[in-house]
Amino acid sequence: MGDMMNLENLNNEQREAVMITEGPLLVLAGAGSGKTRVLTTRVAYLVKEKGINPYNILAITFTNKAANEMKERIYNMLGEVAHYIQISTFHSFGLLILKENYKLLGYKNNFTILDSDDSLTVIKKVMKELNLDPKQYNPNAIRSKISGAKNELMGPDEYEKYANTDFEQKVVSVYKNYQNKLFVSNSVDFEDLLILPIKLFRMYPEILNKYQERFKYIMIDEYQDTNQAQYVLTKMISEKYKNICVVGDESQSIYSFRGSNYRNILNFEKDYPDAKVVLLEKNYRSTQTILNAANDVIKNNKQRKDKKLWTDNEEGCKVKYHRTIDEKEEAYYVVEQIYKLLEQDIPKKEIAVLYRTNAQSRQIEEALLRENIPYKVIGSFYFYNRKEIKDLIAYLKVIYNEYDDNSLLRIINVPKRGIGQKTIENLNQKALIEGKSIYEVIDSGKELEFKKLIEELKTIKDNVSLTELVESVLNKSGIKQELINEKTIEADIRLENLEEFKTIAKEFEERNGIISLEEFLNEISLVSDIEEYKNNDDAITLMTVHSAKGLEFSYVFIVGLEEGLFPHRNSLFDINDIEEERRLCYVAITRAKKQLWLINARQRSIFGSCNFNQPSRFVNEINEAYLEMDDNFGNNTVFEQNYTDMVDNNVDYQFGETVIHDKFGTGVIVSIDELSLTIAFPHPYGIRKVIKGHKSIRKV
């Protein structure tokens with residue numbers, strides 16, 4: 001009876017999406033329309049009602065966080081059999097296929113996965129060997145080109161056919177050597193996790209057939225974010241039975257810079273002419289006013305499916321629109337509003353400040369610090385990227401796969417054991433000549449001591465728990481002792497981080513009931529910074545809009561809504577780029593459940609220069625009926641009034657003079673520059689910048 005009750009909890013469209021189980025199905029799910037519930041219920045329905053073997057179901061999501069959430073929900077619905085369903089990210093799924101077929105592709109079973117930082121290190125190493133000057137050829141740009149080529153399924157030879165410029169020719173030679181290096185060190189990068197399964201299926205049709213037979217029912221979440229490789233992989237596996245259900249929203253496709261192609265969702269009906277389509281337009285998250293604002297913005301995009309979000313939720317208060325003088329005042333204003341929310345006992349974790357670029361967080365952070373309000377910045381410098389954590393992981397990788405040159409070079413002299421640059425270069429050279437890994441050619445000196453340490457750790461690896469292995473690495477390598485000896489606050493923080501890593505290892509063991517180093521390394525290799533987002537500490541959340549996708553907050557501030565910032569200046573000349581920025585704005589607006597603030601500044605110092613900015617076109621696209629002007633310049637209309645109507649350039653001011661402001665009351669001028677006055681007002685307004693001669697201020 002439980003499953004029928006689940007269906008009763010769904011609206012008509014959600015129920016339809018669950019019950020269409022055969023053939024291709026496109027579910028266009030607007031923001032907050034309950035798509036996770038649809039996906040999980042659909043999986044449970046296939047097993048309980050349709051009698052499908054859980055082993056024949058594949059469900060793919062984009063983040064480990066989403067995959068774990070889905071596993072948990074399905075387990076609650078189905079119990080133990082849920083463990084037989086393959087629920088994972090694309091990269092984890094690719095990894096599964098590689099683990100089952102590594103020999104056919106020429107790898108050893110203990111291959112390691114390089115993250116983007118590791119890839120960059122290998123690219124820099126290759127460039128050095130090719131005598132390419134990093135000042136002339138940017139390693140990041142080369143990495144980006146290689147990554148782009150891989151996502152488009154172009155190997156070095158295919159890429160060479162399109163390489164016209166000198167830079168692209170250099171990319172070809174780096175790409176070839178990079179792939180060789182990875183292969184010799186028994187390593188794969190993130191892109192390989194998708195490309196190698198495709199290569200395998202093309203080489204061995206009988207293996208593709210095996211997976212087609214296994215995964216007869218396929219579900220893909222966030223389909224608008226798939227890139228070419230993910231698209232091809234999905235198409236190959238679903239080709240035989242075509243029981244493929246994709247869920248997504250082209251209006252939330254915001255990752256084109258990573259190679260994702262929202263046209264995959266728009267073309268689904270061309271790929272599968274007999275596809276059924278279900279629209280989920282009912283929103284369970286936001287007030288109707290917030291949805292009206294979101295609909296107003298997104299309807300200006302040409303490349304989209306026609307859908308309109310609506311809700312049974314309350315109408316809600318109007319969206320507040322506020323325009324300040326500069327980024328400092330913008331930060332003051334946001335914090336002032338946050339203060340008012342906190343006075344109403346609203347939990348801090350229900351409040352978020354979203355911005356277009358990471359550079360914008362600093363001003364907001366400073367203002368929150370001044371008011372002593374706890375906050376956290378998401379996606380700036382995350383846990384697995386810290387030096388001490390990367391060092392520890394490198395040790396674990398070398399213990400697992402001694403051919404991993406990249407990890408070995410990172411730690412051969414960490415902590416310092418007197419192995420110099422010259423020794424490392426000689427080892428590199430020797431390995432290159434003999435066509436072996438660096439580990440294999442070590443046979444003398446202090447580096448042999450290091451090799452013995454690794455050998456010792458290798459022998460204990462299978463006889464102890466994961467947590468104990470981590471502890472052994474920290475103690476036997478000397479990493480822990482070196483930090484203890486340092487006796488600095490920074491060293492203490494690093495030691496705390498290493499302790500935290502032990503907690504992660506322990507949690508992993510408890511969650512999975514296993515102590516396999518292999519599975520642990522796979523899991524942490526596939527975690528991205530946003531995975532770390534746990535909304536459990538009571539703090540204000542600061543993050544870019546890209547990082548906010550999939551999250552929701554009761555109170556949301558979107559700052560920096562100016563032409564050149566949001567939409568970003570790099571996008572202003574291309575209609576496709578502008579449409580992507582508009583989708584990003586739609587994502588930002590639909591994060592808000594109860595109340596939304598749209599904020600911008602007339603002038604802003606960012607990227608090293610001071611700019612005067614027009615309000616973002618996205619604000620102007622929202623019907624004034626849904627906006628409440630909250631503007632300290634006394635404007636009555638959202639759109640920019642003529643500047644000359646508001647400013648009298650002939651007024652003269654003196655330092656220390658008293659003035660009266662329409663909103664802030666009486667204040668004293670504490671500094672004057674070419675454009676503005678800095679005025680000290682009484683609490684709660686404090687120090688404010690006002691344009692000279694503005695009609696909102698007058699002399700006493």
Item to complete: Give a yes or no answer on whether the side chain of Thr61 reaches the backbone of Asp221 with a donor-acceptor pair at less than 3.5 Å.
Response: no

Fill in: Under 3.5 Å side-chain donor-acceptor pair for Ser547 and Thr544
yes

Worksheet item: NZ of Lys502: more than 12 outside heavy atoms within 6.0 angstrom?
Response: yes

Discussion item. Check this for me, if you would: do Glu552 and Arg285 make a salt bridge, where the nitrogen-to-carboxylate-oxygen distance has to be below 4.0 angstrom?
Written reply: yes

Fill in: Donor + acceptor pair across side chains of Asn227, Asn151 (<3.5 Å)
yes

Worksheet item: Going by atom types only, do Gln363 and Glu365 share a side-chain donor-acceptor pair under 3.5 Å?
Response: no

Worksheet item: Do Asn600 and Glu562 have side-chain N/O donor and acceptor atoms under 3.5 Å apart?
Response: no

Item to complete: State, yes or no, whether a side-chain contact exists between Pro567 and Arg617 at a heavy-atom distance under 4.5 Å.
Response: yes

Worksheet item: Does NZ belonging to Lys328 count more than 12 external heavy atoms closer than 6.0 Å?
Response: no

Worksheet item: Taking NZ, NE, NH1 and NH2 as the nitrogens, is one of them in Asp391 or Arg410 under 4.0 Å from a carboxylate oxygen of the other?
Response: yes

Worksheet item: Do the charged groups of Glu343 and Lys340 touch, with an N to O distance under 4.0 Å?
Response: no

Worksheet item: Should Gln288 and Thr311 be marked as a side chain to side chain donor-acceptor pair (under 3.5 Å) after you check the CA-CA gap, both sets of side-chain angles, and the distance that decides it?
Response: CA-CA 6 Å; Gln288 188 61 54; Thr311 186; 5.5 Å; no

Fill in: Residue pair Val700 / Val659, side-chain heavy-atom distance below 4.5 Å
no

Item to complete: State, to 0.1 Å, how close Lys349 and Asp538 come at their nearest heavy-atom pair, and which atoms those are.
Response: N-OD1, 2.9 Å

Item to complete: Considering only NZ, NE, NH1 and NH2 on the basic side and carboxylate oxygens on the acidic side, decide whether Glu486 and Arg494 come within less than 4.0 Å.
Response: no

Worksheet item: Between Glu563 and Arg569, is there a salt bridge with N-O shorter than 4.0 Å?
Response: no

Practice prompt. Run the salt-bridge test on Glu314 and Lys594 with the 4.0 Å N-O cut-off and return the result as yes or no.
Written response: no

Worksheet item: Mind checking whether Phe566 and Phe618 have parallel, tilted or perpendicular rings, split at 30° and 60°?
Response: perpendicular

Worksheet item: Would Glu330 and Thr324 count as having a side-chain donor-acceptor pair, cut-off 3.5 Å?
Response: no

Worksheet item: Is the closest side-chain heavy-atom distance between Leu280 and Val247 below 4.5 Å?
Response: no

Fill in: Ionic contact status for Glu366 with Arg362, cut-off 4.0 Å
yes

Worksheet item: Around atom NZ of Lys145, are there more than 12 heavy atoms of other residues, nucleotides or ligands at under 6.0 Å?
Response: no

Practice prompt. List for me each residue that meets ring pair (Phe, Tyr, Trp, His ring centres under 6.0 Å) alongside Phe90, sequence neighbours excluded, and say none if there are none.
Written response: Phe62

Worksheet item: Do any N or O atoms from the side chain of Asn613 and from the backbone of Gln603 form a donor-acceptor pair under 3.5 angstrom?
Response: no

Fill in: Salt bridge Glu69-Arg73, side-chain N to carboxylate O under 4.0 Å
yes

Fill in: SB check Arg604 Asp326 (cutoff 4.0 Å)
no

Item to complete: Kindly say whether Ser119 contributes a backbone atom to a donor-acceptor pair with the side chain of Asp189 at under 3.5 angstrom?
Response: no

Fill in: Side chains of Glu628 and Tyr321, donor plus acceptor under 3.5 Å
no

Worksheet item: Any luck finding a side-chain donor-acceptor pair between Glu72 and Asn68 under 3.5 Å?
Response: no

Practice prompt. May I ask you to check whether over 12 heavy atoms, not counting those of Tyr339, lie within 6.0 Å of atom OH?
Written response: no

Worksheet item: Do the charged groups of Asp115 and Lys390 touch, with an N to O distance under 4.0 Å?
Response: yes

Worksheet item: Does the ring of Tyr653 carry Lys699 above it, NZ/CZ under 6.0 angstrom from centre and within 45° of its axis?
Response: yes

